[in-house]
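Notes follow the structure.
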Amino acid sequence: MKSFASRLNQLVPSASMAMAQKISEGNFEREIIDLTFGQPDFDTPDHIKEAAWDAIRKGRNGYTSSSGISELRAAIGTFHHHLYHVSYDPGSEVLVTPGAKQGLMYLMQALVNPGDEVILFEPCWLSYQDMILLNNGTPVFIPAKENLEPDLSRLEEYITSKTKAILINNPINPSGYVFKQQELQFICKLAEQHDLFIIADEIYDRIVFTGFTSMSEFDSIRDRLIVANGFSKTYAMTGWRIGYLLANEQILSKVSLIHQHTATCASAPSQYAAVAALQGSQNPVDQMVKTYKERRDIMVEGLSDGPFIIIPPDGTFYAMLNMSSLGADAENAAWTLLEKFGIAAVNGSSYGKSARNYVRLSLTQDSNLLTEAMHRLKNG
Ligand code: PLP
């Protein structure tokens, strides 16, 4: 058999899959508390499901316009304006994609030439690296500060003649860090000075416990910015595969070509469901975010007196737990957590070297289970 494409050699299997395998193969004394999930533990709200049923019953089951049904593009434009007072033209500046992830992959395909560098702040979501590598680009990681905050002070030092884009995820999966306005402003300034694209993955923008500033609010970088977002996290719709990109017409017209020749369009019923998500009551979202915040408070308060230190997240439904007190075992803390405490988490090293002494805990389990997990962490 002929060989596979060499670009595959650099890809790393997903850390949460490896953990799932370990759990399924293991023989554990007590029930495992699984804190690896990257998706809400809530179901999609009923009115959203109804809208999909309605679309299916009405026969809206064919291909749609490649960039998305006009109702959805208009609803996305209106909602983004409502949240951030920034306008994107639904006709040319909104592209509906099968999930934010697919949109991000399109962007890498559209922007990255072999050898181009894309700057990422550690700790960051693993898939960015693989998407860049798949397009023969080079991911460039800026190590985090001691407390896992992104180190903006080192950004300029990492910009080279090969840098194509700066990618920020705000709020950050896995740390829950929310960028401050001045930090975003600083990134904009450097992107302008060095003529770089900015990719802002804002998929967790609605799951925040303090204020949030969207990168799109900075007018001066509008023509070099692409925002990726979607419905997976906010509306508990991970399986519906529906997301979108916002950018000026010049950028989106290029990205759309890739979408046209690969996915054609996002799933039609999911698009109608997404319209209902944006136009219907936002109470289910408020309720989910309130619950994540309650869980975060339970974890942060419960773990405040050691032995492991938790970094309080300001957004997302994740939290990073520092396992340095395990000494030499800290780098593979997730395995130790599983063996000793019956808790499944994702190894911090999956998010970059800066997080190697951490694990990512997911707050997508009910508060009784989280309380039990804390109890185990404190008492063994
Ligand atoms: N971006 C980040 C930072 C994520 O954590 C995820 C999912 O885990 C995604 C994007 C993917 O979102 P979607 O389900 O819309 O493809």
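For ligands, and for the atoms within them, numbers begin at 1 and follow the listed sequence. The residues of the chain are indexed from 1 along the displayed sequence.
- Residue-ligand proximity, N169 to ligand 1, at heavy-atom distances under 4.0 Å covers atoms 3 (C).
- Within the listing of ligand 1, atoms 3 (C) sit less than 4.0 angstrom from a heavy atom of Y128.
- Looking at ligand 1, you'll find an N or O of S232 within less than 3.5 Å of one of its N or O atoms.
- Electrostatic pairing of R295 and D41 counts as a salt bridge here, judged by a charged N lying under 4.0 Å from a carboxylate O.
- Residue G99 approaches ligand 1 through these ligand atoms, each under 4.0 Å from one of its heavy atoms: 15 (O), 16 (O).
- Of all the heavy atoms in G302 and M374, the pair that sits closest is CA-SD, 3.7 Å.
- Close approach of ligand 1 to R241 (heavy-atom distance below 4.0 Å) involves ligand atoms 13 (P), 14 (O), 16 (O).
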Does the salt bridge (charged side-chain N to carboxylate O under 4.0 Å, His left out) test come out yes or no for D54 and K58, once each step is laid out?
CA-CA 6 Å; D54 191 46; K58 287 181 175 148; 2.9 Å; yes
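- A salt bridge links D297 with K293: the distance from a Lys NZ or Arg NE/NH1/NH2 to an Asp or Glu carboxylate oxygen falls below 4.0 Å.
- Contact check for P40 versus T238: side-chain heavy atoms found under the 4.5 Å cut-off.
- Within the 4.0 Å heavy-atom cutoff, A100 counts among the residues contacting ligand 1.
- In terms of protein heavy-atom proximity, atom 6 (C) of ligand 1 is nearest to W125 CZ2, 3.4 Å.
- In W240, neither the side chain nor the backbone holds a heavy atom less than 4.0 Å from any atom of ligand 1.
- No N or O atom of L104 sits closer than 3.5 Å to an N or O atom of ligand 1.
- Counting only heavy atoms of the protein, atom 8 (O) of ligand 1 lies nearest to K233 NZ, 2.7 Å.
- Side chain of R296 to backbone of P313: a donor-acceptor contact under 3.5 angstrom is found.
- By the neighbour-count criterion of 12 heavy atoms within 6.0 Å, atom NZ of K145 is densely surrounded, having more than that number from other residues, nucleotides or ligands.
- Checking only distances, N173 does come within under 3.5 Å of ligand 1, N or O to N or O.
- The shortest contact between atom 1 (N) of ligand 1 and any protein heavy atom is with D201 OD2, 2.6 Å.
- Taking distance alone, with nitrogen or oxygen atoms compared against 3.5 Å, Y204 approaches ligand 1 more closely than that limit.
- At the shortest separation from atom 12 (O) of ligand 1 among protein heavy atoms lies I203 CD1, 3.5 Å.
- A salt bridge links R154 to E157: at least one charged side-chain nitrogen sits closer than 4.0 Å to a carboxylate oxygen.
- Other residues, nucleotides and ligands contribute at most 12 non-hydrogen atoms within 6.0 Å of the NZ atom of K353.
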